[in-house]
Amino acid sequence: MPSSVVPRTPAVAALVAASLAAGLLAGSTGASAAENPSVRIHDIQGTTRISPLAGSQVADVPGIVTGVRTYGSRGFWIQDTRPDDDPATSEGVFVYTGSVPTVSVGDDVLVSGTVGEYVPGGTSSGNQSVTQISKPTVTVLSQGNPVPAPVTVWAWSVPSAYAPQGDPEDGGSINGRTLRPRSYALDYYESLEGTNIRIGTSRVVGATNPYAELWVTVKPWEHANLRGGTVYGSYGSQNTGRLKVQSLTPLAEQPFPDANVGDLLGTTEGPLDFNQYGGYTLAARTLGTVHDRGLRPEKTRPQRSGELAVATYNVENLDPSDPQEKFDALARAVVENLASPDILALEEIQDDTGSKNDGTVSAERTLTMFTDAIKAAGGPAYEWRAVDPENNQDGGQPGGNIRQVFLFNPERVSFTDRGAADATTATGVVRERGRAALTHSPGRIDPANAAWEDSRKPLAGEFRFRGRPVIVIANHFASKGGDESLTSHHQPPNRSSEAQRLLQAQTVNTFVKDVLATERRARVLVVGDINDFEFSGTTRALTHGGVLHAAITSLPRSERYSYVYDGNSQVLDQILTSPAIRRFAYDSVHINAEFADQNSDHDPQVLRFRP
């Protein structure tokens, strides 16, 4: 709802002064309302995440405007120039107007309205709420005032512990707990909600995204890797120094800078907001300059003549409606960055009409365009194998029918075609000439299992390299959609999506056990977008019984990542090996996730070994 703003004109200023003198404005006692208000911002914010005045009407709350947002959730921030001495109570608050505000930074205002708690994304998201004043009436007392000095957020001001444990009697929520800003990072940031803050020159740990946002860290040493990122290595290492940065200036007026991981963002200042995606966000009134630190995409080494190179790559909803430039860029990555692996498992290959929901399930044209682009880039003439899914039964973008696909270089490796598999036929394991063999190659693993409901079914295939058989299982497990963020008011956050991935992992693990029960020394690779961490319950379920090993754990901890989310470099894509594959070289090839200019949001993985 639009606010009611009393503009500062000579006549109005005189009326305001007369009213204050007469004690006629709400909350005044004959003295200036700015000097003797009934309620101040720290009273509204209180010492917990929920305002003690939520639902109440407040009158003549004084403050200086520190930021104005003219798009999205329109409104402005005000900050008290007379703070209390309690570090748990914020001195800033957001005023929601619903329409473009008519105040300016530096205005000295009195705000009357309703105190409320707004949950970005809705209550089902698990997000924390933003304390705000809505349906406001705003009186401008003066303009051009200095903005209150910012609170500097830096390495030593942010506690090393991330969040307090949620209250079990309140469903695991931290909303009712008194803030301890010197003990927990989330409490520290909450105690600054709406406050004008500043960060000094900080390292970018999440590249500029399509929504004109980036992530920085104010703790340069915190789980840092050699390429400038901040690694998420366990559920207990959430990386407290991460902070999202947006600009208050609309893109039409000032482009947002492109930044890659490892770049530096200069001093930035503005109110601290809470965003639906990512949580605490510096809404930059003044945005620092980005300094390019020269990060470049990696290139893996070529496989040697006796090595089999197997890779996995999520190509992010590739279909013929994508520009040829995307096909060409992905193809160059296969040839130049991945050194043309012998076997390449692709995830998110869409059907020939992409997101058009017309019943098409074939991806013949998509794959022809991609393999042609690879050949044009100097790569091999890859052949492919896949099983078309049932229409709209495998999740992903409606109508897109994403699936896993095997590409292989026939000059280096052969594919064993066996059986006539379709979307609903399960492949099994039999013994042939003393070796484990698939009943259907390519074939899907247990596609009728409830674990794969509205999700991609694993694709299994038999290959031969120098006469030796290798079984590869390409996967794309259920996404993390629906999980609560690290900044949830539930601590620990609810990770509901794990339940389905756990069932999927158990199903694949059982299949691999069947293979190894048939041939103890069978060479099996489980590859793909597992959508979960190397330390997760999903990975533990995949490796249960010692039938698989998560090969990415052979890398130093600081180099274990394939994806960057909310400034955390983390593992989603994996290659797992059976015990017969004892020696291998593993590479997470960083070509996308750290960059503003991406061809996919995932980094491919490559494993080389001698069968």
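Keep in mind that the numbers below use all heavy atoms, side chains included, and drop hydrogens, waters and symmetry copies. All of these numbers come straight from a predicted model, not from anything done at the bench. For reference, positions follow the sequence shown, starting with 1.
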Verdict with reasoning, Gln350 to Asn317, per side chain to side chain donor-acceptor pair (under 3.5 Å)
CA-CA 6 Å; Gln350 289 197 338; Asn317 290 325; 3.1 Å; yes
Candidate pair Lys219 and Thr240, rule side chain to side chain contact (heavy atoms under 4.5 Å, CB included), full reasoning
CA-CA 8 Å; Lys219 292 186 174 182; Thr240 61; 2.7 Å; yes
Side chain to side chain contact (heavy atoms under 4.5 Å, CB included) between Val65 and Ser104, worked out:
CA-CA 7 Å; Val65 176; Ser104 300; over 6 Å; no
Any chance you could lay out the salt bridge (charged side-chain N to carboxylate O under 4.0 Å, His left out) test for Arg69 and Asp273, step after step, and finish with the verdict?
CA-CA 11 Å; Arg69 186 160 58 202; Asp273 191 21; 2.8 Å; yes
Run Val103 and Val138 through side chain to side chain contact (heavy atoms under 4.5 Å, CB included) and show every step you take.
CA-CA 9 Å; Val103 297; Val138 182; 4.0 Å; yes
Steps toward side chain to side chain contact (heavy atoms under 4.5 Å, CB included) verdict (Val93, Ile78):
CA-CA 6 Å; Val93 71; Ile78 59 173; 3.7 Å; yes
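Checking side-chain atoms of Thr281 against main-chain N and O of Ala283 turns up no donor-acceptor pair under 3.5 Å. When atom types are taken as modelled, the side chain of Asn592 and the backbone of Asp601 share no donor-acceptor pair closer than 3.5 angstrom. Distance alone, capped at 3.5 Å, places no donor-acceptor pair between the Asn127 side chain and the Ser488 backbone. A side-chain donor-acceptor contact under 3.5 Å links Thr208 to the backbone of Pro257. In this structure a side-chain-to-backbone donor-acceptor pair under 3.5 Å is present from Asn392 to Gly399. Between the side chain of Glu193 and the main chain of Ser90, no donor-acceptor pair closer than 3.5 Å is present. Not a single donor-acceptor pair under 3.5 Å links the side chain of Gln45 to the backbone N or O of Glu91. Panel note: side chain Arg242, backbone Trp215; no donor-acceptor pair is recorded below 3.5 Å. Between the Ser536 side chain and the Thr539 main chain, a donor and an acceptor come within less than 3.5 Å of each other. Looking only at distances, no side-chain donor or acceptor of Gln132 sits under 3.5 Å from a matching main-chain atom of Tyr118.
One finds the CZ atom of Arg456 at 4.0 Å from the CD1 atom of Ile402 (value rounded to the nearest 0.5 Å). Note: Ser588 OG to Asp573 CG = 7.5 Å, rounded to the nearest 0.5 Å. In this structure, CG in Asp170 is found 7.0 Å from CG in Asn175, a value given to the nearest 0.5 Å. With rounding to the nearest 0.5 angstrom, the CG atom of Asp483 is 12.5 Å from the OG atom of Ser125. Within the model, atoms CD of Gln404 and CD of Glu347 stand 6.5 Å from one another, a figure rounded to the nearest 0.5 Å. Ile41 CD1 to Ser51 OG: the interatomic distance, rounded to the nearest 0.5 Å, is 11.5 Å.
Between Asp258 and Asp597, every side-chain heavy-atom pair lies at or beyond the 4.5 Å cut-off. Looking at Ile197 and Leu243, their side chains come closer than 4.5 Å, going by heavy atoms from C-beta outward. You'll find the side chain of Lys326 reaches within 4.5 Å of the side chain of Glu316, heavy atoms only. His42 is not listed as a side-chain neighbour of Pro83, based on a closest heavy-atom distance of 4.5 Å or more. Counting heavy atoms from C-beta on, the side chains of Asn568 and His223 never come closer than 4.5 Å. Looking at heavy atoms from C-beta onward, Arg203 lies in side-chain contact with Leu264 at the 4.5 angstrom threshold. Between Asn475 and Gln504 there is no side-chain heavy-atom pair separated by less than 4.5 Å. Under the 4.5 Å side-chain criterion, counting only non-hydrogen atoms from C-beta, Tyr565 is not in contact with Leu572.
Residues Phe477 and Ser455 approach most closely at C-OG, 4.2 Å, considering heavy atoms. Nearest heavy-atom pair, Gln500 versus Trp452, reported as atom, atom and distance to 0.1 Å: NE2-C, 4.2 Å. The shortest heavy-atom contact between Pro87 and Ser191 is O-CB, 3.4 Å. The shortest non-hydrogen separation linking Asp108 to Gly63 is OD1-O, 3.5 Å. Pairing each heavy atom of Leu486 with each of Leu186, the nearest pair is O-CD1, 4.0 Å. The shortest heavy-atom contact between Thr70 and Arg74 is O-NE, 3.0 Å.
Within 6.0 Å of the NZ atom in Lys356, the count of heavy atoms belonging to other residues, nucleotides or ligands does not exceed 12.
Here Arg182 does not pair with Asp187 in a salt bridge; the nearest charged N to carboxylate O distance is not below 4.0 Å.
Results of the side-chain hydrogen bond (donor to acceptor under 3.5 Å, both in side chains) test with Glu269 over Asn196, Thr66, Thr286 single out Asn196 as the only residue that passes. Here the rule is side-chain contact (heavy atoms from CB on, under 4.5 Å) with Asp60, and of Val39, Leu110, Val111 only Leu110 fits it.
With a 6.0 Å cutoff to the six-membered ring centre and a 45° limit on the axis angle, Arg177 does not count as a cation-pi contact of Tyr184. At least one test fails for Arg227 against the ring of Tyr561: distance under 6.0 Å to the centre or angle within 45° of the axis.
Side chains of Thr230 and Asn239: a donor-acceptor N/O pair is absent below 3.5 angstrom, by distance only. For Gln246 and Tyr211, the side-chain atoms include no donor-acceptor pair closer than 3.5 Å. If you check the side chains of Ser562 and His602, you find no donor sitting under 3.5 Å from an acceptor. Checking Glu484 against Asn494 by side-chain atom types alone, no donor-acceptor pair falls below 3.5 Å. For the residue pair Asp319/Ser321, the side-chain donor-acceptor check at 3.5 Å is satisfied.
Applying the side-chain hydrogen bond (donor to acceptor under 3.5 Å, both in side chains) test to pairs two or more places apart or on separate chains, those with a residue in residues 150-168 are Ser157-Tyr188.
Between Phe535 and Phe533, the ring planes lie parallel to each other; the angle is under 30°, not in the 30° to 60° tilted range.
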